Amino acid sequence: MDCKFVPAVCSYCGTGCGVLFEVIDGKINATLPMKSHPVNHGKLCIKGWNLHEYINSYMRLKTPLIKEDGRFQKATWDEAIGHAAVKFNQIKDQFGPDAIGVLVSAKITNEENYLAQKFTRAVIGTNNVDHCARL
Amino acid sequence: MTIKRIRFMQELLTFFGLEGRLHLEWISSAEAQKYVQVVTDFTEKIRQMGPNPLKKIDAAVKGAI
Amino acid sequence: MNLIDQVEQLFIQDKIDIFLGYKALDGHLLPHGFTRDRMEELKALQVSEGRYSLEKIATHLTEKHPDIRIGMIARECNLRTLNLLYTWKQLNPENIETINISCCPSPLKPHSDCSYLEPKQTGAYKKTHGIDFNADPDTFLDDFNNKNRFSRWMYEFNKCIKCYGCRNICPVCFCDECSLEHASLVEPGTLPVDVPIFHLIRATHMAGRCIDCGLCEDACPMDIPLRLLYRQVNAIVSDIFDYRPGNGTDQSPFTIIGEKTVLEPKPMDAQLEGEKEYGL
Amino acid sequence: MSGSEGNFKVSLVQHPRYVDTNKCIACGICAEKCPKRVDDAYNEGLGKRKAIYVPYSQAVPLKYAIDDTQCIYLNKDRCGICENVCPSGAINFKDTQKERSLHVGSIILSTGFTSFDPSKLDNLGFARHPDIVTSMGFERMLSATGPFGGHLCLPSEKKHPRHPDRIAWLQCVGSRDENRCSNGYCSSVCCMYAVKQAVMAKDHSQDPLECAIFYMDMRTQGKDFDRYVDTARENGVRFIRSRVHSVVPLMDKTGIEMKYIDDSGHIQTEIFDLVVLSTGLEIGKSAVELSNTMGIELDQFNFIQTGSFNPVSTSVPGVYACGVLTGPKDIPQSVMEASSAAAAATENIAPARHTKTKSIRVPQERDTSREFSKIGVFVCNCGTNIGGVINVPEVVEYARTLPGVTYVEENLFTCSQDTQDKMARVIKEQGLNKVVVAACSPKTHETLFRETLVSAGLNKHVFEMANIRNHDSWVHARTPEQATEKAKKLVRMAVAKSVLLTPLFESRLPVTQSALVVGGGVAGMTAALTLARQGFPVTLVEKNQNLGGNARQLNKTYLNEDIGAYVKQLIHTVEKNERIRLFAGATVKQVDGFVGNFDTTIVAEGVEQQISHGVAILAVGARESKPEEYLYGTHDAVLTHLDLDTVFKTDENRIKTADNIVFIQCVGSRDKTHPYCSKVCCTHSIQSAIEIKRLNPDANIYIIYRDIRTYGKRELIYKQARDLGILFFRYDLDNKPVVSPNDGCVTIEFDDPILNRRVSVDADILCLASRIEARDNLDLSRAFKVVSDSDGWLLEAHQKLRPVDFATDGVFLCGMAHYPKPIDESIAQAKAAASRAITTLAQDSISVGGIVSTVNPRFCSGCGACINVCPYGAIAMNDEKNIVDINSALCKGCGACAATCPSEALTLDGFNNEQLYAQIKSAMTA
């Protein structure tokens with residue numbers, strides 16, 4: 001058996017609380033607040049406390065899915081990205097770039113958010129980009 | 001068992017500032033008079049104490065939402 | 001013998017399978033499970049000021065491996081927790097080895113008085129509207145009348161953001177199904193939380209269980225004086241039943257049928273003078 | 001009666017009731033309207049009732065009857081109001097006397113007693129002053145259903161109720177009295193009930209109440225009785241040892257004067273407001289006539305003659321008797337005898353068991369699990385009981401609006417047979433899958449409605465009652481509008497719960513039809529033999545190598561029957577009986593299982609053996625304690641009862657040559673550390689004293705006692721002893737006799753309260769009535785999950801009403817393990833225990849499930865809190881899974897575990913949290 005504690009930053013919002021994952025036998029078993037973290041001082045909100053739940057959730061998607069004939073089918077990343085690119089291009093061609101909007105999330109990193117913004121403005125060509133934490 | 005739990009709850013409610021709103025009394029099915037007396041006394045006591053302050057909070061919370 | 005040698009001995013004598021202690025990582029002292037496979041790690045074993053609930057980790061381990069033998073660093077509060085978990089059959093005392101350490105710098109203090117938790121600063125606004133962290137249950141009862149106690153607690157409870165941190169961190173909360181998540185008792189999806197039902201439920205469930213480690217108050221992001229509340233819970237249980245959770249492995253008075261303590265129902269008092277009006 | 005044992009023909013006369021019990025629903029309108037007021041015999045003439053009446057409020061069946069000596073219609077052919085007002089047409093003035101003939105195998109007589117009528121005693125003033133009442137009358141006065149509604153009032157002041165300040169009880173009225181009446185026996189229950197009445201009167205009274213009991217000997221020999229008396233004394237009940245000569249109502253009506261002689265011999269006068277005569281028990285005329293008709297032998301007091309070894313058998317084979325009919329006795333003893341008589345009466349006709357049983361055909365249960373709730377609500381008017389206060393049509397309309405309700409109906413009497421038939425039809429036609437009845441208390445009618453559900457193909461647990469009568473119309477009769485609102489809420493709550501009701505299933509578990517009896521004394525052997533004769537295999541486990549227990553050392557019963565010979569015979573019969581498997585020198589090691597299916601490990605001579613049995617009877621007895629005072633063990637002249645009985649058998653000469661023999665009573669009993677009475681010693685000492693007198697008429701015999709407790713017919717030997725010149729001296733706990741050695745004899749010094757002098761006797765034999773003490777039953781009680789009281793006696797389920805049952809099903813007790821008792825009572829209790837055991841053994845299977853707790857293994861964290869709170873030992877830890885298991889055969893559905901479980905892993909089926917929360921929520925929403 002094996003029991004270790006892995007520090008991490010909560011991915012839910014921009015606050016950046018320090019969390020500690022309790023890992024037993026290689027599986028995340030619980031989330032703890034990091035007592036010595038300068039941001040949260042050993043406190044968490046309900047989302048942070050339940051970080052481990054979604055990691056282990058049976059409902060979590062592990063591969064991309066593409067809807068065919070009204071049902072989701074498992075697909076590879078290449079297929080999914082290709083499919084999305086085709087569809088985006090179709091919309092852009094038919095209705096113009098402003099018909100597309102992008103909503104980004106606090107659950108991804110700053111760098112990824114930057115990329116998303118860049119993608120929206122430079123690739124799609126619209127300013128329709130927003131972030132959930134702006135609410 | 002009951003007496004323990006109720007006694008604990010009474011003390012706890014006192015700490016919360018809800019003193020005297022919980023009462024326990026043993027009344028057998030043959031003690032109709034006692035039952036009436038206890039219920040009347042307690043109703044009167046609660047009436048004097050005024051409405052449950054928690055209801056106010058409930059209303060305030062609902063109003064806020 | 002120093003701590004590391006002691007743990008090494010336990011491994012050598014084959015008394016434990018895992019030892020729960022602390023290890024520094026990037027300047028943070030974090031809990032860690034030391035095992036025989038990686039004895040070299042033992043050199044990094046430390047005692048931490050920041051307290052994590054090692055017992056809770058032990059129960060998690062026991063859940064996965066029922067026969068695992070666990071060693072751990074134990075302060076006074078940890079020992080009380082362990083006693084309580086033995087009482088409630090969540091850990092088997094035969095499978096637990098403790099290395100007792102004192103809460104530096106002072107030697108062990110008496111029950112419910114941990115040096116790491118005091119004094120705590122209370123802001124001016126909170127002092128006028130809410131409850132001082134460092135209040136004593138008795139002085140709190142004396143200082144305020146029924147009405148004031150009520151409004152002060154309501155002020156505190158209304159802040160609750162329902163993070164469940166108090167329950168999650170609690171070393172003696174082990175239920176698989178928690179009443180606080182029971183939709184019929186605590187309405188899901190609303191804030192503020194059902195006041196004061198949420199905290200009353202937790203307070204009653206703490207009766208005969210709370211070992212007063214103070215972790216809940218520590219974990220509360222809204223600064224609700226939970227420790228004061230559970231100290232009063234403990235005081236009531238101690239007054240009525242002469243029972244102090246974690247001081248031994250006696251059964252909780254709430255699970256003993258028949259009267260260990262002879263109690264009479266409380267008589268109905270006269271109405272409380274001059275307290276007809278309650279304010280929020 | 002004709003015929004003989006096993007084949008009796010009995011003809012019965014049933015007197016007309018003039019009310020059809022099938023139609024009467026006990027609404028009470030008839031009595032309300034009946035113009036004829038009559039003295040209420042049940043309330044001892046203290047109150048009034050009508051000519052149409054229910055004899056008393058708990059009467060079974062709860063149906064009215066017409067008193068044909070008082071009814072105006074039956075006597076003068078006028079009135080007939082009840083017939084007009086009866087909503088169910090139950091009155092039948094043409095009812096006639098019916099004769100019925102029965103063909104039976106055995107007959108049990110239990111016609112009880114009548115209370116002594118004190119009006120014959122002119123010195124006690126009864127019937128000449130209303131404030132002199134009998135104990136039966138006072139009992140009614142204290143009762144909430146009595147003439148004064150439970151308020152303690154003087155019967156003399158009808159208009160302005162006045163509370164008494166001082167009440168006196170006079171003991172032995174019509175008992176222990178051969179001069180003024182011919183009842184020489186002790187009624188044995190009056191001391192205890194007088195103390196109880198005094199305590200209750202004090203409780204009932206708001207003002208301080210002075211209670212005084214005038215008595216001769218305080219005969220509170222029953223289990224825990226002495227403790228009760230001590231508490232009463234501490235709470236200020238006065239006990240005055242004096243037989244009151246006369247009771248004189250004062251001319252100026254200020255009270256009742258009583259003159260008595262106190263302990264020091266002075267005449268005292270006291271004035272009381274109320275005097276209660278503790279009247280004794282005697283056999284009524286009709287009971288005597290009945291016995292004479294049947295040819296049953298009676299004793300000189302008209303009690304049925306029975307022997308100590310066959311306490312429930314009469315002189316006519318096949319006819320048995322129990323209760324006060326065979327001698328004065330209290331409730332527990334009567335209940336034991338009743339079970340005992342049942343066992344005796346069925347012993348010879350056991351092969352006929354179940355030959356006349358009919359089974360009911362039940363329709364197939366409909367599967368409603370995939371259906372939406374279709375709730376039928378039946379609102380009852382209960383004649384005018386509910387309809388007279390509550391606006392029932394409004395409630396009905398309201399019920400229609402409730403979610404899930406598809407059918408609502410108003411009934412005049414929901415419990416009547418035709419409505420039940422209709423209900424069953426409606427359930428089928430409308431496809432209802434839940435039923436709510438808004439009527440009276442589930443206590444009385446729930447079973448009936450459940451049967452109706454079953455007959456309509458529904459599970460009996462998808463049923464809920466709203467009590468809009470007892471909880472509503474009766475208590476809020478003066479505010480009908482609010483009562484109607486409350487009725488709606490009650491219906492809404494019941495509907496809210498019923499939505500969540502699910503079918504609960506009961507299954508049958510086979511019963512191992514054999515018994516285990518622990519203890520091979522007289523009680524154990526009798527129990528084993530009774531069971532064996534009823535056809536059940538029995539395993540009898542005795543710790544010693546020999547059967548017989550304490551009885552082997554005993555000499556004679558108070559009726560002069562030879563115990564030794566009886567025990568020898570009994571042992572022989574037990575050993576001969578092929579259904580009894582005997583394990584001597586064996587102990588019980590471990591008990592697994594539960595009622596119907598026990599597996600017990602016994603150890604006999606070092607060999608372990610597994611026994612399967614359905615029930616167990618614990619008859620482990622008690623033992624004589626060895627006194628630590630009065631030179632016992634240090635001087636040869638000092639003996640205990642058992643020692644003396646041995647002397648009778650082995651060394652008669654020692655008795656024949658003794659000059660002085662002294663008995664000291666209550667040695668180690670009734671003191672601070674052992675506050676109980678050993679019950680048998682007074683009789684034993686006197687019996688021994690008489691036996692000594694027979695052998696050695698010149699011997700001087702002194703009995704030093706505290707209260708002589710020769711209860712019941714034992715009083716006769718007390719009288720005989722006094723006639724024989726045996727001397728009795730009373731002592732107090734703080735003035736015990738002093739014993740000192742004096743060569744071959746011992747000198748006993750004590751105070752004689754009558755001479756008021758110190759007396760000393762040189763005794764050749766000093767016999768100590770040493771305390772009977774319980775054995776160490778800790779292991780046994782743990783194994784069988786039963787409990788002992790603080791004195792060590794095994795604790796029965798209910799001290800009065802279930803004296804041989806334990807709270808744990810399938811385990812019974814008898815003999816001295818329960819409490820010290822004489823051999824006749826042990827035998828009666830043993831048969832009673834066997835009788836109760838047969839109620840389980842006679843079934844081939846028991847019903848398991850229904851309203852019981854279940855555990856959700858997913859939520860159980862194995863903390864074990866529920867195990868501690870279960871009073872029936874139904875929960876056990878499953879060590880493998882670290883969760884608990886509930887044995888639904890033992891679970892009684894009390895719900896203590898469900899209330900204790902912090903995780904809500906345990907639920908009480910039919911009362912689970914969701915259902916209760918739903919009920920509460922629906923009550924709270926406006």
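Keep in mind it's a predicted model, so treat the numbers as computed, not measured. Per chain, numbering begins at 1; letters A, B, ... match sequence-line order.
By the 4.5 Å heavy-atom criterion applied to side chains, C:Y52 and A:M34 are counted as neighbours. In this structure the side chain of C:E97 never reaches within 4.5 angstrom of the side chain of C:R69, judged on heavy atoms. Considering only heavy atoms from C-beta on, C:F34 stays 4.5 Å or farther from C:V7 through its side chain.
Among A:K47, A:H41, A:E22, A:K4, the residue making the largest number of heavy-atom pairs under 4.5 Å with chain C is A:E22. Note on C:N168, C:L30, C:L20: by heavy-atom pairs under 4.5 Å with chain A, the leading option is C:N168.
Between A:F5 and C:Y22, the ring centre distance reaches or exceeds 6.0 Å.
Only the side chain of A:D25 comes within less than 4.5 Å of a heavy atom of chain C; its backbone N, CA, C and O stay farther away. Residue contact with chain A, scored on non-hydrogen atoms closer than 4.5 Å, involves the side chain of C:H65 exclusively. Contact of C:L61 with chain A is made through backbone and side chain together, with heavy-atom distances under 4.5 Å. Only the backbone of A:L44 comes within less than 4.5 Å of a heavy atom in chain C; its side chain stays farther off. Heavy atoms closer than 4.5 Å to chain A are found in the side chain of C:I68, but not in its backbone. Neither the backbone nor the side chain of C:D26 comes within less than 4.5 Å of any heavy atom of chain A.
In this structure, A:K35 pairs ionically with C:D218, as a charged nitrogen and a carboxylate oxygen lie closer than 4.0 Å. Using a 4.0 Å cut-off between charged nitrogen and carboxylate oxygen, C:E40 and C:K43 do not count as a salt-bridge pair.
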